[in-house]
Amino acid sequence: MTTDRAQLIDEEQRAPLAFSSLPKFVSDYLALIIQRRTDDGSHLWCPSWWAHPEAIARLAALWRAFEYLRSDPALGLSNWWLHHADPHLAVLLSPTGPFHACAQGHRAGDERLPLDRMPAGLMDDPVFTVLVGDPFAM
């Protein structure tokens with residue numbers, strides 16, 4: 001069986017998505033089950049979560065992991081909570097997380113990590129590339 005054929009079979013056997021999009025996952029699942037005080041500064045949430053790139057990236061990772069792990073009837077959701085939801089939510093809701101400037105309402109922060117220009121050729125070593133056929137390549 002070729003890799004492409006195995007991938008097609010795997011995709012056909014997966015359950016349909018529980019949530020058709022990231023916004024549906026956030027509004028119809030996370031917002032309903034996550035209950036934290038957000039009025040005392042100990043946890044911060046921004047109703048305009050979609051305006052924060054880090055929040056989008058973390059919430060998308062949570063959604064994808066949820067969709068994959070929910071099909072495991074034994075430990076899937078426990079693994080999702082312990083290894084995905086808990087660490088990502090700890091960062092997202094942290095007073096130093098992506099919503100740190102939104103305590104009094106949404107405020108788009110432009111506090112990106114500073115970067116210096118990388119010297120040319122620094123990443124040319126094969127150890128820094130993803131090889132074709134690499135199982136960790138996307």
Side-chain angles (χ1 to χ4, degrees):
M1 185 181 302
T2 67
T3 305
D4 292 337
R5 177 83 175 124
Q7 184 177 357
L8 280 174
I9 290 172
D10 184 46
E11 289 174 6
E12 289 172 359
Q13 292 174 345
R14 282 193 199 141
L17 296 176
F19 301 97
S20 61
S21 67
L22 176 58
K24 294 293 278 178
F25 174 71
V26 172
S27 66
D28 295 357
Y29 188 67
L30 275 188
L32 299 177
I33 63 167
I34 303 301
Q35 298 180 3
R36 302 287 188 280
R37 283 193 72 170
T38 58
D39 62 348
D40 65 356
S42 64
H43 296 92
L44 297 175
W45 175 257
C46 181
S48 298
W49 60 268
W50 38 263
H52 300 270
E54 181 181 352
I56 292 171
R58 287 180 177 278
L59 291 167
L62 277 179
W63 172 47
R64 289 172 179 263
F66 175 85
E67 292 292 354
Y68 183 81
L69 290 169
R70 73 183 180 86
S71 63
D72 175 356
L75 298 174
L77 288 180
S78 180
N79 281 326
W80 180 79
W81 278 106
L82 292 173
H83 301 292
H84 300 278
D86 287 346
H88 282 298
L89 289 171
V91 172
L92 283 168
L93 301 175
S94 164
T96 60
F99 306 135
H100 72 276
C102 300
Q104 313 303 303
H106 174 69
R107 210 179 93 207
D110 194 23
E111 299 157 357
R112 298 192 171 124
L113 296 176
L115 296 174
D116 290 331
R117 183 177 298 272
M118 184 183 304
L122 184 66
M123 302 303 278
D124 290 346
D125 190 292
V127 74
F128 297 118
T129 61
V130 177
L131 303 174
V132 175
D134 185 335
F136 297 107
M138 304 217 45

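Source: prediction; values computed, not measured. Computed over heavy atoms, backbone and side chain alike; hydrogens, waters and symmetry mates excluded.
One N or O on the side chain of Ser71 and one on the backbone of Tyr68 form a donor-acceptor pair closer than 3.5 Å. Between the side chain of Ser21 and the main chain of Lys24, a donor-acceptor pair closer than 3.5 Å is present. In this structure, His83 contributes its side chain and Trp80 its backbone to no donor-acceptor pair below 3.5 Å.
Atom OG of Ser42 sits about 9.5 Å away from atom CG of Leu93, to the nearest 0.5 Å. Rounded to the nearest 0.5 Å, atoms CG (Leu44) and CD (Gln104) are 9.5 Å apart. Separating the CZ atom in Phe99 from the CD atom in Glu54 is a distance of 8.5 Å, to the nearest 0.5 Å. To the nearest 0.5 angstrom, Leu89 atom CG is 5.0 Å from Ile34 atom CD1. Interatomic distance, Leu77 CG to Arg70 CZ, rounded to the nearest 0.5 Å: 9.0 Å.
The two residues His43 and Arg37 have their closest heavy-atom pair at CB-O, 3.3 Å. Closest non-hydrogen pair, Pro53 versus Ala51, comes out as CD-O, 3.7 Å.
In this structure, Phe66 has its ring center at least 6.0 angstrom away from the ring center of His84.
Trp81 and Leu75 sit in two unconnected hydrophobic clusters of ILVMFWY residues. Membership requires side-chain heavy atoms under 4.5 Å apart, directly or through other members. Residues Leu32 and Leu17 do not share a hydrophobic cluster, clusters being chains of Ile/Leu/Val/Met/Phe/Trp/Tyr side chains in contact below 4.5 Å.
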Exercise for the section: Please step through ring-ring contact (aromatic ring centres under 6.0 Å, His included) for the pair Phe19 and Trp63, ending with a clear verdict. Expected result: CA-CA 8 Å; Phe19 301 97; Trp63 172 47; 8.5 Å; no
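Between Pro98 and Leu92 the shortest side-chain heavy-atom distance falls below 4.5 Å. Looking only at side-chain heavy atoms (C-beta outward), His52 and Cys46 come within less than 4.5 Å of each other. The shortest side-chain heavy-atom distance between Ile56 and Leu22 falls under the 4.5 Å cut-off. At a threshold of 4.5 Å between non-hydrogen side-chain atoms, the residues Leu59 and His88 do not count as touching.
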